[in-house]
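To find a chain, count down the sequence lines: A is the first, B the second, and so on, and within it residues start at 1.
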Number of protein chains: 2
Amino acid sequence: MPDHVEQWLAELLRLNDEEEKVTEKQIKIVQAAVEIFAEKGYSATSTSEIAQKAGVAEGTIFRHYKTKQNLLLAIVSPIMEKLVAPFVIRNFQEVLNVQYERFEDFMRAMLINRLAFTRKYAPVLKVMIHEIPFNPDLQAQFMEHVSTNVVERVRRIVVHFQAQGQIIEAPADSIVRMCASTIVGYAVTRYFLAPERDWNDDEEIDLMIRFMMNGLSLNPVR
Amino acid sequence: MPDHVEQWLAELLRLNDEEEKVTEKQIKIVQAAVEIFAEKGYSATSTSEIAQKAGVAEGTIFRHYKTKQNLLLAIVSPIMEKLVAPFVIRNFQEVLNVQYERFEDFMRAMLINRLAFTRKYAPVLKVMIHEIPFNPDLQAQFMEHVSTNVVERVRRIVVHFQAQGQIIEAPADSIVRMCASTIVGYAVTRYFLAPERDWNDDEEIDLMIRFMMNGLSLNPVR
DNA sequence: ATTCAGAGTGAGTACTCACTCATTATTATA
DNA sequence: TATAATAATGAGTGAGTACTCACTCTGAAT
């Protein structure tokens with residue numbers, strides 16, 4: 001396991017259990033769980049396997065997490081919150097109006113920022129993506145955070161730049177979806193489908209920005 | 001279970017076991033398996049549950065499929081082949097050159113065609129997407145079919161239209177990825193994330209085509 | 001020195017899992 | 001109608017499952 005993962009693991013745990021102290025073995029458990037969940041999937045992973053990889057007795061897992069499902073939630077929930085964090089800050093739209101004059105600048109900032117996030121938390125994000133469709137608790141969290149917060153807020157940004165005449169007058173939901181698809185499509189290819197390929201991130205980002213900005217431009221070229 | 005599913009189930013089975021006759025109960029088994037796999041995931045589904053839903057003894061499953069994994073492959077493999085079928089026809093590029101003069105026409109045809117495919121086989125595609133990352137057999141199939149066949153062939157199409165001066169001179173892989181992201185992003189939102197929303201497919205298709213064509217246009221607007 | 005709280009243990013629990021097999025039901029052919 | 005071949009059954013199997021619990025150990029407070 002790469003060193004950089006350990007850096008955020010303890011922090012991750014303390015996000016849920018504030019004031020609670022986190023033991024050495026607890027970190028080992030979460031560390032092992034993330035690795036195996038990402039490799040084999042949640043359902044195909046046994047608690048005995050996690051215990052073995054963590055170098056811990058099986059009972060120790062259940063001292064800290066009432067159920068296997070609780071362990072999953074303790075790992076995924078804080079990352080889901082951090083995933084949407086940039087969008088739920090106070091006065092999101094006003095901050096942007098001041099900070100980013102052009103839609104292009106806003107998009108580029110978001111793109112770079114969330115790509116770095118994906119690289120950092122790739123294994124947890126993989127577990128998250130795969131378990132949301134089958135886990136009602138995660139589904140509810142996802143709907144609440146992503147749907148209501150992110151989509152709705154980004155929607156308003158799009159409407160704002162539409163009013164300014166920077167991008168086309170099309171349904172804002174569709175525009176949000178197409179931009180999100182472009183970014184998520186790159187993140188998935190970059191970090192999950194072909195992480196070994198030697199990527200030129202700057203070039204790809206420039207190309208995506210050009211693709212999206214031309215794609216949403218007012219005056220069709222042809 | 002909707003009627004339309006039954007229509008392609010028997011056909012699906014016969015694709016693998018040519019000349020073999022397919023029993024009534026075999027169809028029931030596959031039918032039940034697809035439903036539960038899509039609902040709970042492969043690993044979280046027990047063979048006893050499949051048997052119960054299919055109205056069949058558990059042993060009957062293992063008469064037709066040696067293992068639970070074989071049952072999965074019998075369901076997913078033929079659909080994976082059908083998914084890439086339009087791309088692996090003989091003289092793919094030559095056919096296209098004659099049939100579609102503009103890149104836009106090619107993209108629109110592919111978009112409409114593969115969206116209909118997604119609607120038809122949505123449950124199996126869901127299972128496929130979720131199991132590929134954890135199943136070596138499916139991974140190998142996916143790499144072989146999608147990577148080597150589809151991406152490589154579509155890449156050549158892109159290069160062809162680039163040479164004609166219809167679209168920008170950027171890495172063909174990136175262009176393929178951005179177009180695929182746009183289409184897959186819509187398919188996922190349309191049929192998995194928000195299938196209940198009342199979609200205007202024609203409008204969305206027009207918008208996506210406009211987005212992609214402007215996005216890949218030679219002369220930036222700004 | 002004694003008590004106490006909580007981390008850690010690992011054998012044990014009831015139960016579920018994928019898979020088997022001897023037996024019976026159904027069908028096709030003669 | 002008799003025979004062969006295949007389809008279907010469901011109780012049975014051992015390995016494995018998530019989880020429990022009585023217990024030990026450690027370190028800090030009294």
Next item on the list: Can you sort out the partners of A:N113 under side-chain contact (heavy atoms from CB on, under 4.5 Å), two or more places apart, ordered by chain and number?
Entry: A:P86
Check: Checking all strands, does B:S46 fall into the base, sugar-phosphate, or nothing category for heavy-atom contacts under 4.0 angstrom?
Finding: sugar-phosphate
Check: Can you check whether A:S48 has a side-chain N or O nearer than 4.0 Å to OP1 or OP2 of D:dT17?
Finding: yes
Check: Tell me, which pairs form a salt bridge (Lys or Arg N to Asp or Glu O under 4.0 Å) where one or both residues lie in residues 105-118 of chain B, sequence neighbours left out?
Finding: B:R102-B:D105, B:E104-B:R108, B:R108-B:D206
Item checked: B:V158 versus B:V176, closest heavy-atom pair with distance -> CG2-CG2, 3.9 Å
Notebook entry, point to check: ring-ring contact (aromatic ring centres under 6.0 Å, His included) with A:F134: which residues, sequence neighbours excluded?
Noted result: B:H130
Next item on the list: Rounded to the nearest angstrom, tell me the gap between atom CD1 in A:I36 and atom P in D:dT17.
Entry: 11 Å
Check: Are A:T67 and D:dA18 close enough that a side-chain N or O sits under 4.0 Å from OP1 or OP2?
Finding: no
Check: Whole-Å distance between C:dG6 P and A:H64 NE2?
Finding: 13 Å
Next item on the list: Please say whether more than 12 non-hydrogen atoms of neighbouring residues, nucleotides or ligands are located less than 6.0 Å from NZ in B:K68.
Entry: yes
Checklist line | N or O in side chain of A:T47 less than 4.0 angstrom from D:dT17 OP1/OP2 | finding: no
Next item on the list: Take atom CG of B:N70 and atom C1' of C:dC19, then tell me their distance rounded to the nearest Å.
Entry: 12 Å
Check: Taking CG from A:L72 and P from D:dC19, how many angstroms apart are they, rounded to a whole number?
Finding: 12 Å
Item checked: Nearest-Å distance for atom pair OH/P, residues B:Y65 and C:dT20 -> 16 Å
Under-3.5 Å N/O pairs linking protein and nucleotides 9-12 of chain C:
unit_1: C:dT9; atom_1: OP1; unit_2: A:K25; atom_2: NZ; d: 3.1
unit_1: C:dT9; atom_1: OP2; unit_2: A:A57; atom_2: N; d: 3.0
unit_1: C:dT9; atom_1: OP2; unit_2: A:T60; atom_2: OG1; d: 2.7

Checklist line | Residues forming a ring-ring contact (aromatic ring centres under 6.0 Å, His included) with A:F117, sequence neighbours excluded | finding: A:Y121
Checklist line | Gap between atoms CD and P, on A:E49 and C:dC17 respectively (whole Å) | finding: 18 Å
Note to self: Output the rounded distance in Å from CZ (A:F62) to P (C:dA7).
What the structure shows: 17 Å
Note to self: Test of understanding: with ring-ring contact (aromatic ring centres under 6.0 Å, His included), list the residues that count as partners of A:F87, not counting sequence neighbours.
What the structure shows: none
Checklist line | By salt bridge (Lys or Arg N to Asp or Glu O under 4.0 Å) - contacts of B:E49 (at least two apart) | finding: B:K40
Checklist line | Rounded distance (Å) that lies between atom C1' of C:dC19 and atom CG of B:L71 | finding: 13 Å
Next item on the list: Can you tell me which residue pairs pass the side-chain hydrogen bond (donor to acceptor under 3.5 Å, both in side chains) test with a partner in residues 138-148 of chain B, sequence neighbours excluded?
Entry: B:S77-B:Q141
Notebook entry, point to check: Is there a residue in residues 127-136 of chain B whose heavy atoms reach under 4.0 Å of DNA chain C, and which residues are they?
Noted result: none
Notebook entry, point to check: With a 4.0 Å cut-off on heavy atoms, is A:T45 in touch with a base, just the backbone sugar-phosphate, or nothing at all?
Noted result: sugar-phosphate
Margin query: Applying salt bridge (Lys or Arg N to Asp or Glu O under 4.0 Å) as the test, list every pair that has at least one member in residues 50-62 of chain A; sequence neighbours left out.
Written below: A:E35-A:K53
Check: What residues, two or more places apart in sequence or in another chain, satisfy salt bridge (Lys or Arg N to Asp or Glu O under 4.0 Å) together with A:R190?
Finding: A:D201
Margin query: If you count every heavy atom of other residues, nucleotides or ligands that lies below 6.0 Å from A:Q52 atom CD, does the total exceed 12?
Written below: no
Note to self: With each end axis built from five pairs of C1' atoms, what bend angle do you get for the helix from C:dA1-D:dT30 to C:dA30-D:dT1? Round to 10°.
What the structure shows: 10°
